[in-house]
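In what follows, chains carry the letters A, B, and so on, assigned in the order in which the sequence lines appear, proteins first and then strands, with residues in each chain numbered from 1.
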Amino acid sequence: MNYWLFKSEPESWSWRQQKAKGAAGQEWDGVRNYQARNFMRAMKVGDRGFFYHSNKERAVVGVVEVAAAAHPDSTDPTGTWDCVDIVAVAEMPNPVTLDMVKAEPELAGMVLAKNSRLSVQPVAEAEWRKVCRMGGLEKA
DNA sequence: GCCAACGTTGGC
DNA sequence: GCCAACGTTGGC
């Protein structure tokens with residue numbers, strides 16, 4: 001199983017909205033970046049991901065699961081872009097902020113800390129476990 | 001609100 | 001194929 005991070009501006013799509021979707025899942029559409037697209041193409045059903053709020057909040061707020069592998073983005077008429085479907089599976093008891101990530105030496109290698117502009121990113125297993133622990137999730 | 005970082009576009 | 005110009009993202 002692989003781990004990922006999905007970044008969203010809460011103003012356009014928030015964790016609250018994702019949770020409200022429940023098991024119905026949500027197309028992670030609107031991504032227009034080749035690197036991000038390629039990561040989504042590499043995802044498998046059952047992979048886990050962090051749900052990160054960018055801009056004002058800047059924190060990992062929840063955990064999601066990939067519910068459908070990459071398929072054409074229904075909002076893209078050109079057929080260039082793909083997306084996966086995700087469902088909310090757990091909420092961080094304590095959101096892990098970007099500041100916390102940057103202050104933690106074990107997380108110095110996280111893409112989140114190094115490349116702030118990439119909206120879909122891979123997360124190493126050790127990083128995954130560390131962030132879960134910091135957020136108050138024993139396992140996710 | 002500003003600006004740095006990054007990706008994309010288009011002229012040559 | 002290079003690179004300057006431009007647009008966008010997101011942290012500060």
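- In this structure the side chain of A:Val123 never reaches within 4.5 angstrom of the side chain of A:Trp4, judged on heavy atoms.
- If you measure from atom CZ of A:Arg37 to atom C1' of B:dT8, you get 14 Å, rounded to the nearest angstrom.
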Each nucleotide N or O in nucleotides 1-6 of chain C that has a protein N or O under 3.5 Å away: list the pair and distance.
none

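- Whole-Å rounding puts the A:Glu11 CD to C:dT9 P distance at 13 Å.
- Formation of a donor-acceptor pair under 3.5 Å by the A:Gln121 side chain with backbone atoms of A:Leu112 is found in this model.
- Minimum interatomic distance between A:Ala108 and A:Ala113 (heavy atoms only, all atoms of both residues): O-CB, 4.5 Å.
- Of the possible polar contacts, one joining the A:Thr78 side chain to the A:Thr80 backbone as a donor-acceptor pair under 3.5 Å is found.
- Under the 3.5 Å distance criterion, the side-chain polar atoms of A:His53 are matched with a main-chain donor or acceptor of A:Trp15.
- A:Gln18 contributes a side-chain N or O that, together with a main-chain N or O of A:Ile86, makes up a donor-acceptor pair within less than 3.5 Å.
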Please write out the pairs of protein N or O atoms and N or O atoms of nucleotides 10-12 of chain C separated by less than 3.5 Å, giving the distance to one decimal.
unit_1	atom_1	unit_2	atom_2	d
C:dG11	OP1	A:Tyr52	OH	3.2
C:dG11	OP2	A:Asn55	N	3.1
C:dC12	OP1	A:Lys102	NZ	3.0

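- Comment: A:Lys19 engages A:Glu91 in a salt bridge, judged by a side-chain N to carboxylate O separation of less than 4.0 angstrom.
- Between A:Arg32 and A:Asp73 there is a salt bridge, since at least one side-chain N of the basic residue sits less than 4.0 Å from a carboxylate O of the acidic one.
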